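What follows is a single structure, written as structure tokens, with notes after it.
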Amino acid sequence: MNPLITWRGTVSVLALFAAASMASAGDITATFNTPTFDRWMYPYNSASPQGSETEATVFSVIGSDTEWAFDNRDGQMILGYATGGVIPAGQPAANYRVRSARVVARVSRDNAYIYDGTPDSFRTLLPETDPDFLADEDAGQPVELFMCGYRGGWSLDGPMAFGESTPFHNGAPFPFPARGIRNAFAAEYDAGGALIDNSNNRDQRREVRPLAIGTANLAQGAPVPRDTDFVFQIDLSNPQAVRYLRESLAAGKVNLVISSLAITQQQSSNVPAFYCREMPAAVGGVPARLEISVCVGHPADWDCSGTVDVADIFAFLASWFAGDGDFDAGGATDVADIFAFLTAWFGA
Ligand SMILES: [Ca+2]
Ligand SMILES: [Ca+2]
Ligand SMILES: [Ca+2]
């Protein structure tokens, strides 16, 4: 038979059949209420031990007298979650089909900055005299969620796994300019698939692609009250995001970075800030949490039943016709996904 022809008419009936066999040990929805570590990544972070701050500010020095000396993204917040105890690690990356993933971080300062829940071009932060300058159409700058990249020998895992107390920089803490030296940073994949540092993307005249932009239940341009939850819903139509989450879950650890080009003056307290896990709950502290839903298992086990069988074909087609069948994680649901799925199914 030609399954592509016969499936179309039977999808609705068989989708019901598939639904009945859903849910298995591989179908996991988990909330990590507190990170394993949360780290304010800032050159002047002098907490002892490092990482013990009760809040982390995320901001830019663009426009200040000292912007030459520091990364555009001066203050960053690194979040680390050990997922392996709940979401089994060690499987091939394609075995992690992430259905949804988001971080929720709670604001720790009152009316310290302006809400902008949409992307801004780096061009809005160029000097007005620059020919590429673009006026910012909405007040403020977004707060963004990024992948985490490393330098100085540090990494996600292994003997030099980046953690709460890893130094900002190996060796002398303040070589100036203190730019491009931080041991962990807001990152994304470049065209060659390597994690690159987004800390100076304005100076590099490069747009970034965050995993998510923080949104809150506020009007654009409104001051952000203390205890506002910022939701960073990871965009799973971004193949980079899918790859990053898969590889992280396979390693059993998900590290993420909250960053913003929100403009401040040096030493100003008027910047986005979020509670760290060290802020006592008694005074309102709520750590940044990770919520993730994932099917772990053979990629062709589309209904996540634990076995690959005919029901998965119908389940996949139902998803595909609903526009939710990006099997090859190419960023769109298209015909190539059907063939990729069948190849995996027949190979199971
Ligand atoms: Ca911490
Ligand atoms: Ca803006
Ligand atoms: Ca199945």
Side-chain angles (χ1 to χ4, degrees), residues 14-15 17-27 34-42 45 47-57 60 62 75-81 95 97 105 108 113-126 133-144 162-166 168 184 202 207 213-215 218-222 224 255 257-258 260-263 272-280 285-288 295-319 341 344-345 348:
L14 287 150
F17 168 66
S21 62
M22 274 196 188
S24 76
D27 200 354
T34 187
T36 317
F37 71 89
D38 49 11
R39 169 63 185 277
W40 185 36
M41 202 61 176
Y42 174 61
N45 169 349
S48 182
Q50 297 260 293
S52 61
E53 302 80 10
T54 52
E55 60 176 355
T57 54
S60 156
I62 289 173
Q76 302 181 20
M77 182 182 198
I78 318 282
L79 300 170
Y81 297 90
N95 282 25
R97 179 152 53 91
S108 60
Y113 66 107
I114 297 296
Y115 175 59
D116 181 354
T118 59
D120 278 2
S121 168
F122 76 88
R123 294 168 61 191
T124 62
L125 293 169
L126 292 169
F133 170 76
L134 199 65
D136 187 5
E137 292 180 342
D138 44 23
Q141 288 80 33
V143 182
E144 302 155 310
F162 184 89
E164 190 97 271
S165 61
T166 302
F168 178 84
R202 195 283 310 251
E207 302 290 3
I213 288 187
T215 58
L218 296 169
Q220 282 276 128
V224 178
N255 287 358
V257 183
I258 296 177
S260 179
L261 287 172
I263 300 169
F274 297 95
Y275 292 118
C276 293
R277 64 197 181 105
E278 289 82 2
M279 181 70 88
V286 174
C295 172
V296 183
H298 193 286
D301 180 17
W302 193 259
D303 65 6
C304 213
S305 67
T307 56
V308 176
D309 55 24
V310 171
D312 294 303
I313 294 177
F314 298 114
F316 175 73
L317 284 179
S319 295
F341 174 80
W345 191 87

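Residues take their numbers from the sequence shown, with the count starting at 1. If you're wondering where the values come from, they're calculated on a predicted model, not measured in any experiment. These numbers come from the heavy atoms of this one structure, side chains and all, not from hydrogens, waters or symmetry mates. Atoms within a ligand are numbered from 1 in the order they appear, just like the ligands themselves.
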Going by atom types only, do Ser121 and Glu207 share a side-chain donor-acceptor pair under 3.5 Å? yes
Counting distance only, does the side-chain N/O of Asn95 pair as donor-acceptor with the main-chain N or O of Val296 below 3.5 Å? no
Which atom, counting only N, O or S, brings Asp303 closest to the Ca ion (ligand 3)? OD1
Hey, what's the ring geometry for Phe341 with Phe316, parallel, tilted or perpendicular (30° and 60° as the breaks)? parallel
Report, rounded to 10°, the angle at the Ca ion (ligand 3) between the two atoms OD1 (Asp312) and OG (Ser305). 150°
What's the OD1-the Ca ion (ligand 1)-OE1 angle here (Asp38, Glu164), rounded to 10 degrees? 100°
Is Glu53 close enough to the Ca ion (ligand 1) to have an N, O or S atom under 3.0 Å? no
Quick check: does any side chain N or O of Ser260 sit under 3.5 Å from a backbone N or O of Ala262, one acting as donor and the other as acceptor? yes
Please confirm if an N, O or S atom belonging to Glu137, backbone or side chain, lies less than 3.0 Å from the Ca ion (ligand 2). no
Angle at the Ca ion (ligand 1), OE2 of Glu278 to O of Gly51, rounded to 10 degrees, please. 80°
Taking 3.0 Å as the cut-off, does Trp40 contribute an N, O or S atom near the Ca ion (ligand 1), distance below it? no
When you measure from the Ca ion (ligand 2) to each N, O or S atom of Asp120, which atom gives the shortest distance? OD2
Before moving on, can you tell me the angle at the Ca ion (ligand 2) between the OD1 atom of Asp138 and the OD2 atom of Asp116, to the nearest 10 degrees? 80°
Counting backbone and side-chain atoms alike, is an N, O or S atom of Asp301 positioned under 3.0 Å from the Ca ion (ligand 3)? yes
Sidechain-backbone polar pair: Arg202 side chain, Phe122 backbone, donor-acceptor under 3.5 Å: no
Between Ser319 (side chain only) and Ala315 (backbone N and O only), is there a donor and an acceptor less than 3.5 Å apart? yes
Is the distance from the Ca ion (ligand 2) to some N, O or S atom of Ala139 under 3.0 Å? no
Please walk me through it: do Thr118 and Asp116 pass side-chain hydrogen bond (donor to acceptor under 3.5 Å, both in side chains)? CA-CA 6 Å; Thr118 59; Asp116 181 354; 3.0 Å; yes
Can you tell me if Trp345 uses its side chain to pair, donor with acceptor, with the backbone of Asp309 under 3.5 Å? yes
Would you give the angle at the Ca ion (ligand 2) between Asp136 atom OD1 and Gly140 atom O, to the nearest 10°? 130°
